[in-house]
Protein chains: 2
Amino acid sequence: MTAASRLSWIDVRDVIRARILAREYGLGAKLPRDEDLAAELGCTRTTVHRAMQDLAAAGLIDRKRKGGTHVLADPITRATIDIPVTRSEVLALGRAYAHRLISAQRAPSPAPITARFGAAQPRDMLHIGALHLADARPYMLEDRWVDLATCPEILAVDFAQISANEWLVRHKPYTRVEMRFFAINADAETATQLGCKAGEALLTVERTTWLGDAPITTVQAIAAPGYVLASKS
Amino acid sequence: MTAASRLSWIDVRDVIRARILAREYGLGAKLPRDEDLAAELGCTRTTVHRAMQDLAAAGLIDRKRKGGTHVLADPITRATIDIPVTRSEVLALGRAYAHRLISAQRAPSPAPITARFGAAQPRDMLHIGALHLADARPYMLEDRWVDLATCPEILAVDFAQISANEWLVRHKPYTRVEMRFFAINADAETATQLGCKAGEALLTVERTTWLGDAPITTVQAIAAPGYVLASKS
DNA sequence: AAGTGGTCTAGACCACCTT
DNA sequence: AGGTGGTCTAGACCACTTG
């Protein structure tokens, strides 16, 4: 027999999750109140709360004050993706990192870029093209816009020494980020830059960041063929 | 002046986050002990702990017992992606949903599929091809393998009535999932099935799920051209 | 209006990890 | 071996949201 010294929130979570998985609490069903579960399992409401918090974060249940706790009627699969600085990502693969500046021009943001930030008017920006290399081969192509009102210091950065990607991450923290993932066919120019055939399928990640409400940067990162993005454990 | 009735963990989190963003605690720097922060800010250690928990989940800090709390030396961008049942996804777009079974054959898993599960030996599986439609147009193409040892009931399912995707999500909960995102060029067969041109770039999501250590299913979902996967707010 | 989850306090003990 | 974060309890009050 196992001595149950005290019930940890992980135990509680596992019990509740098991009941959900076994459909003891079916899809869309309402769970007992935290207090009742606490009484039933022999722990504090705080402990049940901690367990529920974890299940909610995992996307298994939905909680509302007064409304109670419900199993999600439409189950979802939730994945977390970590995107490191490209230099670190390459180094972590055990490959040599380098980057190359392609272009950097000051210009007002074109409509699609303005729209990404949800801004009404075009903004004064720096438009940067850059290529990340792994073992001297093209790894990722960046097409980036940096808001100069929020981030004037970028004008003084020497992109021969540090990529815009890394400079921004290290010097311009953000509070909000939106990401979009999609696939594109390499056009002629992209193919040349990435050293692949025109038409090849390329995974593309679009990232836009803000500091509060102020736009910082938006980037379209086009990965070389074969790139795979994996979810965190 | 604002009356500070009591300090909520969100306030504490914002203070600490602001310090990190302002590089008051620089990259890789060690933060004060929870207890000291609590004393400084005038709240309980529990409240500081709750704030730290949030910052750790966001990927800003790293905590270790005895080691203390550190700002991550290599900042990462963390995104969460929710993947609903395909039917729900289509309906949420305000489009009509339908699905079509392409094939369903019992077969031992080929090496690449066996490997996805980390299994040593081929397993008895059901191989299913299916097409999801939105407004009667191809939306997503599924190439799925279901483990029959774990999930024999799948053999009795009528895929004319419910897609394997939805049946599994509703009847076979999982405890672990791994996802991979990449881009592929449509081959001739895929192009025909998705109603696009051969060679078009298609976003592909590979999902593999387990219940404990037991394999459940692995699926390669190929989205029609134009598909975009967005991170959760 | 009231029920339910969310949070805070105060204090104690535990467990992990670095030193 | 000791310091730090992790957790649990017990009780109180708060705030959202639904009936």
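Protein chains get the first letters and strands the later ones, always in sequence-line order, with residue 1 at the start of each.
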Per B:Cys43 side chain, nearest of listed nucleotides D:dT9, C:dT9, C:dC8: C:dT9

Give the rounded distance in Å between these two atoms: [atom1] of [X] and [atom2] of [N].
{"X": "A:Asp54", "N": "C:dG6", "atom1": "CG", "atom2": "P", "result": "13 Å"}
{"X": "B:Asp11", "N": "C:dG6", "atom1": "CG", "atom2": "C1'", "result": "14 Å"}
{"X": "B:Lys64", "N": "C:dC16", "atom1": "NZ", "atom2": "P", "result": "15 Å"}
{"X": "A:Ile10", "N": "D:dG6", "atom1": "CD1", "atom2": "P", "result": "12 Å"}
{"X": "A:Leu7", "N": "D:dT9", "atom1": "CG", "atom2": "C1'", "result": "13 Å"}
{"X": "B:Arg33", "N": "D:dG2", "atom1": "CZ", "atom2": "P", "result": "15 Å"}
{"X": "B:Arg65", "N": "C:dC14", "atom1": "CZ", "atom2": "C1'", "result": "8 Å"}
{"X": "B:Asp34", "N": "D:dT7", "atom1": "CG", "atom2": "C1'", "result": "13 Å"}

Distance below 4.0 Å between A:Thr69 side-chain N/O and C:dT4 OP1 or OP2: no

Ignoring hydrogens and geometry, is there a side-chain-to-backbone donor-acceptor pair from [X] to [Y] under 3.5 Å?
{"X": "B:Lys64", "Y": "B:His70", "value": "no"}
{"X": "B:Arg78", "Y": "B:Ala57", "value": "yes"}
{"X": "A:Arg23", "Y": "B:Arg170", "value": "yes"}

Pair of N/O donor and acceptor under 3.5 Å linking D:dG6 base with B:Arg45 side chain: yes

B:Arg50 (side chain) and D:dG6 (base): donor-acceptor pair under 3.5 Å: no

Distance-only donor-acceptor check, side chains A:Ser109 and A:Thr114, under 3.5 Å: yes

Nearest-nucleotide comparison on DNA chain D, the residue closer to the 5′ end among A:Thr47 and B:His49: B:His49

Criterion side chain to side chain donor-acceptor pair (under 3.5 Å) on B:Thr208 and B:Arg116, from CA distance to verdict: CA-CA 7 Å; B:Thr208 307; B:Arg116 272 192 218 168; 5.0 Å; no

Earlier contact from the 5' end, DNA chain C, for A:Lys66 and A:Thr46: A:Lys66

